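Take a look at the structure set out below.
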Amino acid sequence: MGQLRAGLDADGYFEREGSLGRVQEPFAPVVAAARTRIAEAYGARLHSAYLYGSVPRGTARPGRSDLDLLLALHHEPDGEDRDTAEVLGRTLDEEFAQIDGVGVLLYGKDRLLSEQERYDLGWFLACLCTPLLGDDLAEHLPRYRPDAQLAREANGDLAALLPRFRRRLADAATPEELLRLSRGVSRHLVRTGLTLVMPRWGGWTSDLAESAEIFGRYYPERAAQMRAAAAVALEPTADPAVLQDFLEDLGPWLAQEYTARLGTKSPRDGAAAAS
């Protein structure tokens, strides 16, 4: 048997990260409230709900970390469902000082289980999401390895996303918007850097600082930039020049290298998937 890699089991498959048992005490009431509010807000429309990110991994920082939710509906989400999610997230954020923002991803269960999302949203749910409510859709999904197909389908769309990020930067009018954007963009760049080298490294981590270090082993000439992106992901900045540098230098290089090594993500119907 070969060396056991981070984030994988003894057979080389992803271990599901996070669990309700890892939720730290300050965040327990937030998670309990989210469970109750989700059930009340969506009722029979909801198939299942999941946590992801630092809260179920047990690495959240009180007053600094956001709460990330994925909701699987019995149908494709419509405007009413999205409005409900917006109200749900805002009220949780306002009520609990432990969290700094709430993100809610909404998908129909059929899309999450579809063949076209097998190595993107399917992997995301099965490996990076923690069940909170309802029947776990991961039971209908395969086991996953950190291979090139997964890397391509999970994050092989950076080139298409960069123009959108640039438009959002140009439209950002407040420090709060810049802070949110800097956190989101830098997270995405670090995750993409990690999945670029994931098939060669042969493991997985969601730790941003660790991801930057692993990436730097394969691209030492870009290591400092990726460490800087990881630092901004953890401590967002409202300085637009920092984001501008990421979007005009690191981002385009990363997109080009990703395409050259792994190809691009298969076309999708509808909105872009999570990463």
Side-chain angles (χ1 to χ4, degrees), residues 7 13-62 65-114 116-144 154 187 204 206 270-275:
Y13 292 102
F14 273 80
E15 289 187 315
R16 198 172 204 173
E17 67 173 24
S19 71
L20 294 182
R22 294 182 185 175
V23 174
Q24 300 142 292
E25 191 278 331
F27 296 96
V30 187
V31 171
R35 180 191 287 111
T36 300
R37 309 278 177 82
I38 292 167
E40 292 173 347
Y42 286 95
R45 291 179 289 169
L46 182 74
H47 175 275
S48 48
Y50 307 80
L51 301 172
Y52 68 96
S54 61
V55 171
R57 291 199 303 268
T59 59
R61 298 173 297 167
S65 297
D66 52 359
L67 178 71
D68 294 311
L69 302 166
L70 183 148
L71 308 185
L73 306 182
H74 286 287
H75 58 271
E76 282 300 303
D78 57 23
E80 180 184 354
D81 297 319
R82 295 186 182 92
D83 289 344
T84 299
E86 197 277 330
V87 172
L88 173 70
R90 186 176 66 248
T91 55
L92 284 170
D93 187 31
E94 290 173 351
E95 183 173 343
F96 293 99
Q98 300 95 309
I99 52 174
D100 181 18
V102 176
V104 183
L105 298 178
L106 282 177
Y107 295 103
K109 67 177 180 63
D110 290 343
R111 180 179 176 185
L112 291 166
L113 295 177
S114 67
Q116 72 170 358
E117 295 291 354
R118 182 63 49 87
Y119 292 93
D120 189 2
L121 284 174
W123 162 74
F124 178 72
L125 184 148
C127 299
L128 305 187
C129 291
T130 296
L132 180 66
L133 272 172
D135 295 331
D136 184 8
L137 288 173
E139 296 176 3
H140 305 284
L141 291 164
R143 301 172 76 191
Y144 294 89
R187 279 183 180 180
W204 174 259
S206 283
S275 65

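Residue numbers run from 1 in the order of the sequence given. Just so it is clear, the structure is predicted and the values come from calculations on it, not from any experiment.
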Verify side-chain contact (heavy atoms from CB on, under 4.5 Å) between Tyr50 and Leu69, making sure each step is shown before the conclusion.
CA-CA 6 Å; Tyr50 307 80; Leu69 302 166; over 6 Å; no

Quick one: does Pro56's side chain get under 4.5 Å of Glu17's, heavy atoms only?
no

Would you say Val102 and Leu88 make side-chain contact, with heavy atoms under 4.5 Å?
no

Name all residues meeting the salt bridge (Lys or Arg N to Asp or Glu O under 4.0 Å) criterion together with Asp68; count only those two or more places apart in sequence or in a different chain, and write none if there are none.
none

Hey, are Arg16 and Asp136 close enough for a salt bridge, meaning a charged N less than 4.0 Å from a carboxylate O?
yes

Validation row: Tyr52, Leu132 side chains within 4.5 angstrom (heavy atoms)
no

Spacing of CG belonging to Asp110 relative to CG belonging to Leu137, to within rounding of 0.5 Å:
9.5 Å

Among residues at least two apart in sequence or on other chains, which ones pass salt bridge (Lys or Arg N to Asp or Glu O under 4.0 Å) with Arg35?
none

How would you list, by chain and number, every residue that makes a salt bridge (Lys or Arg N to Asp or Glu O under 4.0 Å) with Glu86, sequence neighbours excluded?
Arg90

Indicate the atoms forming the closest heavy-atom contact of Val104 with Ala85, along with that distance.
CG1-CB, 3.8 Å

Side chain proximity check, Leu92 to Phe96, heavy atoms < 4.5 angstrom
yes

Can you give me the closest heavy-atom contact between Arg22 and Gly18, atom names plus distance?
NH1-N, 3.5 Å

With rounding to the nearest 0.5 angstrom, report the CG to CG distance, Leu128 to Leu51.
13.0 Å

When you look at CG of Asp135, are more than 12 heavy atoms from neighbouring residues, nucleotides or ligands closer to it than 6.0 Å?
no

Heavy atoms only: give me the nearest Leu71-Ala49 pair and the separation to one decimal.
CD2-CB, 3.6 Å

Before you tell me yes or no, could you show the steps for Leu112 and Leu70 under side-chain contact (heavy atoms from CB on, under 4.5 Å), namely the whole-Å CA-CA distance, both residues' side-chain angles and the distance that decides it to 0.1 Å?
CA-CA 11 Å; Leu112 291 166; Leu70 183 148; 4.2 Å; yes

Qualifying residues under side-chain contact (heavy atoms from CB on, under 4.5 Å), relative to Ser54, sequence neighbours excluded:
Arg57, Thr59, Ala60, Ser65

Walk me through whether Ile99 and Phe27 qualify under side-chain contact (heavy atoms from CB on, under 4.5 Å).
CA-CA 8 Å; Ile99 52 174; Phe27 296 96; 4.0 Å; yes

Less than 4.5 Å apart, any side-chain heavy atom of Arg118 and any of Pro142?
yes

Might you point out which heavy atoms bring Leu67 and Ala34 nearest each other, and give the distance in Å?
CD2-CB, 4.3 Å

Can Arg111 and Glu76 be counted as an ion pair, charged N to O under 4.0 angstrom?
no

A side-chain contact here means heavy atoms from C-beta on lying under 4.5 Å apart; do Leu46 and His74 qualify?
no

For a 4.5 angstrom cut-off between non-hydrogen side-chain atoms, does Leu73 reach His47?
no

Straight-line distance of Ile38 CD1 to Thr84 OG1, nearest 0.5 Å:
12.0 Å

Taking the ring of Tyr119 and the ring of Tyr144, is the distance between their centroids below 6.0 Å?
yes

Less than 4.5 Å apart, side chain to side chain, heavy atoms only: is that true for Arg45 and Glu80?
yes

Using only atom types and a distance under 3.5 Å, with no angle test, would you say the side chain of Gln98 pairs donor to acceptor with the backbone of Pro62?
no

For His75 and Asp81, what are the C-alpha separation, side-chain angles and deciding distance, and is it a side-chain contact (heavy atoms from CB on, under 4.5 Å)?
CA-CA 10 Å; His75 58 271; Asp81 297 319; 2.9 Å; yes

Identify the heavy atoms of Leu141 and Gly122 that sit nearest to each other, and give their distance.
CD1-O, 3.4 Å

For Phe14, which residues count as a ring pair (Phe, Tyr, Trp, His ring centres under 6.0 Å) partner, sequence neighbours excluded?
Trp123, Trp204

Minimum heavy-atom separation for Cys129 to Leu125, with atom names?
CB-O, 3.4 Å

Who passes salt bridge (Lys or Arg N to Asp or Glu O under 4.0 Å) against Asp93, sequence neighbours left out?
none

